[in-house]
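So that the names make sense, note that chain A is the first sequence line, chain B the second, and so on, each numbered from 1.
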Amino acid sequence: MSEGLSTALPPVKRRNAELVMVLFAIAITLFAMIEAGLTRNQEMPPSLFVYGLLFGGLAVLAHVFIRFFAPYADPLLLPLAVLLNGLGIAMLWRLFEATGDTERGSAMDQLILTAGSLVVFAVIVFFLKEPRTLQRYPYVTALSAVVLLLLPLIPGLGQTVNGARQWINLGVTSLQPSEFAKISLVIFLSGYMVMKRDVLSLASKRVKIGPVKIIDLPRMRDTAPMAVMWGFCILVLVGLMNDLGTSLLLFGTFLAMIYVATQRSSWIVIGLGAFFGACALLYPFVYHFSVRVDTWINAFDEDVFYGELGANSQQLVQGLFALGEGGILGTGLGGGKPGNVPEVQNDFIFTAFGEELGLTGVMVMLLALALLVERGMRIALASRELFVKMFASGISFLLAFQSFVVIGGVTRVIPMTGATIPFVAKGGSALLSSWIMLALLVRMSHNARKPAPQAIQDEGATQVISR
Amino acid sequence: MNKPIRRLAVFTMALFGVLLLNVTWIQAVQAEWLREHPYNSRQYTEQLTIARGPIVAGNEQIAYSEPIQDSDRYQRVYEHPELYAHPVGVFRSGSANGIEQTENSFLDGSDSRLFVRNFLDMLTGEESKGATVNLTLDPKAQQAALEAFQSIAPDKKGAAVALDPQTGAVLASVSLPTYDANSVASVENPGDAADQWVAYENDPNQPLLNRAFNERYPPGSTFKIVTAAAALENGASPDSTMDAPDQLQIGGASLPNATPGGTCNGGSPDTLAHSIMISCNTSMANWAKSLGADTMAAQAEAFGFNSGTMEVPVDVAESLYPADIDENFLAMSGIGQGNVEATPLQMAMVAAGVANGGDVMKPYLVESVQGPDLSEITAATPEVYSEAVSSQTAEELTQMMIGVTEGAEGSGPSGAIPGIQVAGKTGTAETGDGDTHNWFISFAPANDPQVAVAVVVERGNSSGNTLAAPIAKEIMEAVINE
């Protein structure tokens, strides 16, 4: 693969730059908390020291860990994740601790979950020396993804939250298995596509009108994986679980990955057609569906805005009001009324940033997410193994698409479907899965950038390789 | 495999680009619209601590903010809380309506046109204040409208609107039953205020509904002015005649005349002028039929029907002349029945248009807005809303309408004012369930109109002459005698 050479990254470590940026991200987090405390309660956050020590310590530890075990990893990955995670903690602190209401969530919980996620992060970076080993068992990972997705359907274990059946109750805590299923799915798809890409990309039937080539259609029998994926997303996720967000996310990721593997746009055309066709067919029958579309298109209609609970556009419109209130510079942390948006700590936390940090603040957040995604794509370009290329681009796309689905939903670009902003949103499952994805990117980045093995002798019959 | 990855990277960048553009649109361009959106309660909850500007009618502050002792908040106080309740509205915790809502950004000082002033206040440490909104309402006319309505049609529902026909300024606007604005505005007892609001909302008499602007009634015979206008604009003269049988067969039913003796001209064809004077049903229904649905609709629309919601700046409901109607409905529409529906303000605009030589002026409630330093920020400029009829038609209609109040057989003598010529038209509209709404529209003095009025008494079950015309007379007198 000659083109791989041209995109190889220089083997520079830039670990000190990473440290400075991590410290900067920690400082932003702590200053955000200070601003919220001073504005809202006219006092410094009483537990600022604890947060500084714990969050700062954890982030610096993560940096030290990378310095030792993945020294060639892209130096931007960790600081961006720390910044997003820290902003999330600061906002949760402002929403809960600063208002004395820790019933529905707390920044301290989020901090503890961050600590747990960082442990998993370290374990993955340390033990998964060669990510390509993950491709050995594609069907086992596929099965695990399916099982994870179906867990919430088990009676007694599954929980329905806000209409979507996507939680399981483990007694002490609840878990959203779909957050992990999507990573399993990317692993499976990477392995599967590497195996099948030739047949998926080459065998085709050309459709022509006269001499004009319209599209290269795949053979009918090769569309089986697409059909399975489609059926699963539509029937199980939409039909049984009402989980539109996960359905959209998984199918979108599937399409992105089959495109990367085959470079054939016909797959995207077929996939989108099948997906939206099915959505249009199901539209009259799935109540949840029509509610989401109605509250999206007619958000400002009187009947929709004041509609019955669960079917009105209150949350969406209040979110937009919050963004409008923020304007360009925002009200300042602690200066707004983010609590006007129902359930603001979940998907709608973006509107809290929009209100208090303004357009300026949310642009920073969007650019941080975009930068993280594009660095991920860079890793895919620089990697040499097909599986790793698929895997890195799949995970990067997942991060991007997930951000788009949730932020697009709350800002009325697309209908609300329910998803979480990577690293920012409250909740252990979402946070843990974000850090797992970051661990995978860090590991793949290190492997892609570390210098190729050097021959010890310049010449000789037997080369001794040192790694 | 790098080419598709690059393309995918570009696609993800485009996704973020869409999000960036969209938040820029929302937070930079749409932000002001969102902040002032009627559903947005933020603008009101946050403003309890702002010294909101007063609303003035005549030279009196009819709404102002008073500091609450030992608090940084203000209480909104309404003078004459029942008299101005509908047009002014009420500023209460979490919401506002009427002028309080539409002019909110001036009253709370957030409008960009007050920015420099607010900025200076911030620098000098002075508390920033809201702007003053001066209304067009004439306290005497407003008072006369409410008192006349309550004494002449006690316990009835309905509305009265008075316009300055030459400018469109709304001089009076009352709606009955009314409500006590102060009873729902308390900042210190928000629970009681909210309970009272809910009680008003659930009252079957709908005291919160501004009937003058937002209730549509069949206009009945007052609409014959529009029919006559269409006839005159299309070649007829006041002396043109039309078949005026005592009974007109319309789709199997029989339309009688409501004139004395049930006849217009002894069953012979009647002139247009005479038909208006005595309010003949059968001839006017025949006029509508002979003019055709398109001509009738065009004339109604020229007066403001079917033109969507109007902002004065308070919302005014659209008045309706039905489209694509059959011959029977067309005949009924000629006498303001058969699905024709008009707000009282719309019928006042019909009278005002005739009064103003055929030009309907756009109604408005806000005369000017003054900054806290009394500098003028906005001032109303009268605008022609539509050229409804030619000046000759207007003059002919005026003469016909004078006949209504002064003619020997006129149907509306109660609207006449001694010494001043009044042009008017009565109306008694059937609701379909046996009740009638009683209407009167008029303007005076006929040769130099200063005021145009529409009065409707909902289910008055009397006649326009008995119930509505005396109210209109009191309002006109209040304006003219100033």
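Counting non-hydrogen atoms of neighbouring residues, nucleotides and ligands closer than 6.0 angstrom, the CD atom of A:E302 reaches no more than 12 such neighbours.
Residues A:E325 and B:L34 are not in side-chain contact: their nearest non-hydrogen atoms beyond the backbone lie 4.5 Å or more apart.
In this pair, A:F300 and B:H37 present their aromatic rings tilted. The plane angle is within the 30 to 60° band.
A:Q314 does not touch chain B: none of its heavy atoms, backbone or side chain, sits under 4.5 Å away. In this structure, no portion of A:S396 lies under 4.5 Å from any heavy atom of chain B. Both the backbone and the side chain of A:V260 come within contact range of chain B, each with at least one heavy atom under 4.5 Å from a heavy atom of that chain. Both the backbone and the side chain of A:Y259 have a heavy atom closer than 4.5 Å to some heavy atom of chain B. The part of A:L367 that comes within reach of chain B is its side chain, from C-beta onward, which places non-hydrogen atoms under 4.5 angstrom from that chain.
Ring centers of B:Y39 and A:F321: at least 6.0 Å apart, outside the cut-off.
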Without placing hydrogens or testing angles, list every side-chain donor-acceptor pair under 3.5 Å for residues 8-27 of chain B, not counting sequence neighbours.
{"unit_1": "B:T12", "atom_1": "OG1", "unit_2": "A:E374", "atom_2": "OE2", "d": "2.9"}
{"unit_1": "B:T12", "atom_1": "OG1", "unit_2": "B:L8", "atom_2": "O", "d": "3.4"}
{"unit_1": "B:T12", "atom_1": "OG1", "unit_2": "B:A9", "atom_2": "O", "d": "2.7"}
{"unit_1": "B:N22", "atom_1": "ND2", "unit_2": "A:T411", "atom_2": "O", "d": "2.9"}
{"unit_1": "B:N22", "atom_1": "ND2", "unit_2": "A:T411", "atom_2": "OG1", "d": "3.0"}
{"unit_1": "B:T24", "atom_1": "OG1", "unit_2": "B:L20", "atom_2": "O", "d": "2.6"}
{"unit_1": "B:Q27", "atom_1": "OE1", "unit_2": "A:L359", "atom_2": "N", "d": "3.4"}
{"unit_1": "B:Q27", "atom_1": "NE2", "unit_2": "A:L323", "atom_2": "O", "d": "2.9"}
{"unit_1": "B:Q27", "atom_1": "NE2", "unit_2": "A:G327", "atom_2": "O", "d": "3.3"}
{"unit_1": "B:Q27", "atom_1": "NE2", "unit_2": "A:G354", "atom_2": "O", "d": "2.9"}

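Chosen from A:G326, A:A392, A:A370, A:A380, the residue pairing most often with chain B at heavy-atom distances under 4.5 Å is A:A370.
To the nearest 0.5 Å, atoms CZ (B:R7) and OG (A:S265) are separated by 8.0 Å. Of the inter-residue distances, the one linking B:I5 atom CD1 with A:Q263 atom CD reads 10.0 Å to the nearest 0.5 angstrom.
Evaluation of the salt bridge (Lys or Arg N to Asp or Glu O under 4.0 Å) test over residues 25-41 of chain B, restricted to residues two or more places apart or in two chains, returns none.
Contact record, A:G324 with B:A31: O-CB, 3.6 Å, taken as the closest heavy-atom pair.
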